[in-house]
2 protein chains.
Amino acid sequence: MRIMEAEARRPGDINDPDCPTRRLIDRVGDKWSVLVILRLFERTHRFSELRTAIGGVTPKVLTHTLRALERDGLVERHVYAEVPPRVEYRLTGLGHSIVAPLAALRDWAEEHIPQVVQARERYDAAHAKGPEGE
Amino acid sequence: MRIMEAEARRPGDINDPDCPTRRLIDRVGDKWSVLVILRLFERTHRFSELRTAIGGVTPKVLTHTLRALERDGLVERHVYAEVPPRVEYRLTGLGHSIVAPLAALRDWAEEHIPQVVQARERYDAAHAKGPEGE
DNA sequence: CGGTATCCCTCCTGATACTG
DNA sequence: CAGTATCAGGAGGGATACCG
């Protein structure tokens, strides 16, 4: 498997805190980035459109998320000096390139989450009042 | 679970906080889970082996991570009542199934992180002393 | 060996209010 | 409209010490 080749090439790479790959995981791990990316993959959005589309995200956090994505070169911010103000966000080429891996992960979730939920219920049931030889 | 039915039919529900897919992202998003999974994909590991292999993780956190993965049905814990004690962790079938998506993401990172790093430097340079018109 | 128990602390996240 | 400012809360993660 190709996976193993990569791992074999750099065995400790991903485990190194300095490893950029770790940073990627951090990025994917934050609460809103993935949602924003997948939204922007559909089409360009304005700030308010993202707020509405995603829902539950405060302007402060959305701004923070967008800034981080912009800094990473995944998102472009276009400001139109008009009245009223208009700002559009869109994925860069780099941003588009990460959609497939992200979607793969989402697809995995959609397919296997039922098993995860079952496993959790089983685990919780088994550990609720003590894992004695029930 | 009813939430799952809805999710299975509506990928867009990833924006719903109740959506299990969101929880998957949370899982992948935590700091050590991915590293543990990729390690266990290579082979079965004992607790200490994981600690050493990953590096920088405290026993408390590693335990927490492993418990979470076990609860989710991604990892199996095998205790051998011997002297000295021996505990082995291995991926379940479910655990194996998530390796490919995870590896895809890691591959993306290894390929594109240089561009991300460049983008960051560019961004930081442009915003360091103010984004005046050049 | 394979964990637990405690304390601590930072960062993420959110609510609310205000501005160019 | 598109943010910024401020305050607050909680979870995740870590250092250290101890136990079966």
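These numbers come from the heavy atoms of this one structure, side chains and all, not from hydrogens, waters or symmetry mates. So that the names make sense, note that chain A is the first sequence line, chain B the second, and so on, each numbered from 1.
Among the protein residues, B:Arg46 comes within range of the sugar-phosphate backbone only, with heavy atoms under 4.0 Å from sugar or phosphate atoms but none that close to a base. Backbone-only engagement by B:Tyr89 is indicated by non-hydrogen atom pairs under 4.0 Å involving sugar-phosphate atoms exclusively. A:Arg77 comes within contact range of the sugar-phosphate backbone alone, with a heavy-atom separation under 4.0 Å but no base atom that close.
The separation between A:Arg67 atom CZ and C:dT13 atom C1' is 18 Å, rounded to whole Å. Straight-line distance from the CD atom of A:Glu82 to the C1' atom of D:dA2: 13 Å, rounded to whole Å. To the nearest angstrom, P of D:dG13 lies 11 Å from CG of B:Leu35. Taking atom CG of residue A:Leu62 and atom P of nucleotide C:dA15, one finds them 14 Å apart after rounding to whole Å. What separates CZ of A:Arg51 from P of C:dT16 is a distance of 12 Å, to the nearest Å. Between B:Asp30 atom CG and D:dG10 atom P there is a gap of 21 Å when expressed in whole angstrom units. One can place CD of A:Glu49 at 13 Å from C1' of D:dA2, the figure rounded to the nearest angstrom. Note: NE2 (B:His78) to P (C:dG3) measures 13 Å, nearest angstrom.
Nearest-nucleotide positions on DNA chain D for B:Gly29 and A:Pro84 put A:Pro84 closer to the 5' end. Comparing B:Pro59 and A:Lys31, the nucleotide of DNA chain C nearest to each residue sits closer to the 5' end for B:Pro59.
To the nearest 0.5 Å, atoms CZ (B:Arg90) and CG (B:Leu74) are separated by 15.5 Å. Here the OG1 atom belonging to B:Thr63 is positioned 11.0 Å from the CD atom belonging to B:Glu70, to the nearest 0.5 angstrom.
With C:dT4, D:dC1, D:dG3 as the choices, the nucleotide that has an atom nearest any side-chain atom of B:Thr63 turns out to be C:dT4.
Residue B:Lys60 places no side-chain atom within donor-acceptor reach of the base of C:dG3, judged by atom type and a 3.5 Å distance cut-off alone.
A:Tyr89 and A:Phe47 have tilted rings, their planes meeting at an angle from 30° to 60° on a 0 to 90° scale.
With hydrogens and angles disregarded, no donor-acceptor distance shorter than 3.5 Å links the side chain of A:Trp32 to the backbone of A:Leu62.
Taking only side-chain nitrogens and oxygens, A:Ser48 comes nearer than 4.0 Å to OP1 or OP2 of D:dA2.
No side-chain heavy atom of B:Leu66 sits under 4.5 Å from any side-chain heavy atom of B:Arg77.
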